[in-house]
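Report on the following structure.
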Amino acid sequence: MTEAPLRAELLLTHDVSAELERELTAGFGELGAPAVRVRRTLDHRGPADLEWLVLVSLPLQAFLSGLGGEAVKDGYRALRDLVARLVRRGATAPAAAPRPLVLQDERTGLRIVLEADLPQRAYEELTALDLSGFGVGPLHYDLARGRWRSELDEAAG
């Protein structure tokens, strides 16, 4: 039995340019998870503004494992570079706080927050991370501890 190919759904905020949308779509295609659906949030926001710029929904464990494999040579570097470009070019105002790219597992809803300033080590560790140890999320990379963690999972455990 062959595995189904990876597919990604992208949800973009309204301020992501068409050029950046094309770059994201191409980038995830090169990473082995072509976007099959791209949607945008509404132009207006409520009191709880979105904290992310792009939300990517896909089979997360398979995607991350593939980034560390030979099929996508140096996939974690390509993902790191894509996130850095996205956050750098996605800011609409100089004083705007950078909003990250968020990966979300399409089955469990577990989220991983990818910020522009993550070290390469964070991406390398991410490709080998066993997501079954996390239930609530979201996962953030703790620079001080040098590891991926979910504060909500830790509080619940």
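Around the CD atom of Glu124, the shell of radius 6.0 Å holds more than 12 heavy atoms that belong to other residues, nucleotides or ligands. Around the CZ atom of Arg107, the shell of radius 6.0 Å holds no more than 12 heavy atoms that belong to other residues, nucleotides or ligands.
Closest approach of Val56 and Ala8 over heavy atoms only: CG1-CB, 3.9 Å. Heavy-atom minimum distance, Ala116 versus Ala84: CB-CA, 4.2 Å. When every heavy atom of Ala35 is checked against every heavy atom of Thr25, the shortest pair comes out as CB-CG2, 4.1 Å. Heavy atoms only, all atoms of each residue included: Pro138 and Val113 are closest at CB-CG2, 4.2 Å. The two residues Arg7 and Val36 make their nearest non-hydrogen contact at CD-CG1, 2.8 Å. Ala33 and Leu58 make their closest contact through CB-CD1, 4.0 Å (heavy atoms, listed as atom of the first residue, atom of the second, distance).
Criterion: ILVMFWY side-chain heavy atoms under 4.5 Å apart, direct or through other members. Under it, Leu114 and Leu152 are not part of a common hydrophobic cluster. Criterion: ILVMFWY side-chain heavy atoms under 4.5 Å apart, direct or through other members. Under it, Leu101 and Val38 are part of a common hydrophobic cluster.
One finds the CG atom of Leu126 at 8.0 Å from the CG atom of Leu139 (value rounded to the nearest 0.5 Å). With rounding to the nearest 0.5 angstrom, the CG atom of Leu79 is 9.5 Å from the CG atom of Leu118. The CD atom of Glu115 lies 12.5 Å from the OH atom of Tyr141; values are rounded to the nearest 0.5 Å. A distance of 12.5 Å separates CZ of Arg99 from CG of Leu55, quoted to the nearest 0.5 Å. Rounding to the nearest 0.5 angstrom, the gap separating the CG atom in Leu103 from the OG atom in Ser57 is 9.5 Å. Arg111 contributes atom CZ, which lies 10.5 Å from atom NE2 of His140 (distance to the nearest 0.5 angstrom).
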Check: What's the verdict on side-chain contact (heavy atoms from CB on, under 4.5 Å) for Leu24 and Val54, showing C-alpha distance, side-chain angles and the deciding distance?
Finding: CA-CA 9 Å; Leu24 281 165; Val54 175; 3.6 Å; yes
Next item on the list: List the steps, then state whether side-chain contact (heavy atoms from CB on, under 4.5 Å) holds for Leu131 with Asp105.
Entry: CA-CA 10 Å; Leu131 299 179; Asp105 186 72; 5.6 Å; no
Note to self: Would Glu23 and Leu20 count as a side-chain contact (heavy atoms from CB on, under 4.5 Å) here? Give the steps.
What the structure shows: CA-CA 5 Å; Glu23 191 173 329; Leu20 192 50; 4.3 Å; yes
Next item on the list: Give the intermediate values and the outcome of side-chain contact (heavy atoms from CB on, under 4.5 Å) for residues Leu10 and Glu21.
Entry: CA-CA 9 Å; Leu10 305 179; Glu21 177 183 336; 5.8 Å; no
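With a 4.5 Å cut-off on side-chain heavy atoms, Leu6 and Phe28 do not count as touching. Here the side chains of Asp130 and Gln61 are in contact, with some heavy-atom distance below 4.5 Å. Inter-residue side-chain proximity for Glu106 and Glu9 is flagged as unmet; no heavy-atom pair is nearer than 4.5 Å. Side-chain atoms of Tyr123 and Leu67, non-hydrogen and from C-beta on, never get closer than 4.5 Å to each other. Looking only at side-chain heavy atoms (C-beta outward), Ile112 and Trp148 come within less than 4.5 Å of each other.
In this structure a side-chain-to-backbone donor-acceptor pair under 3.5 Å is missing from Asp142 to Arg147.
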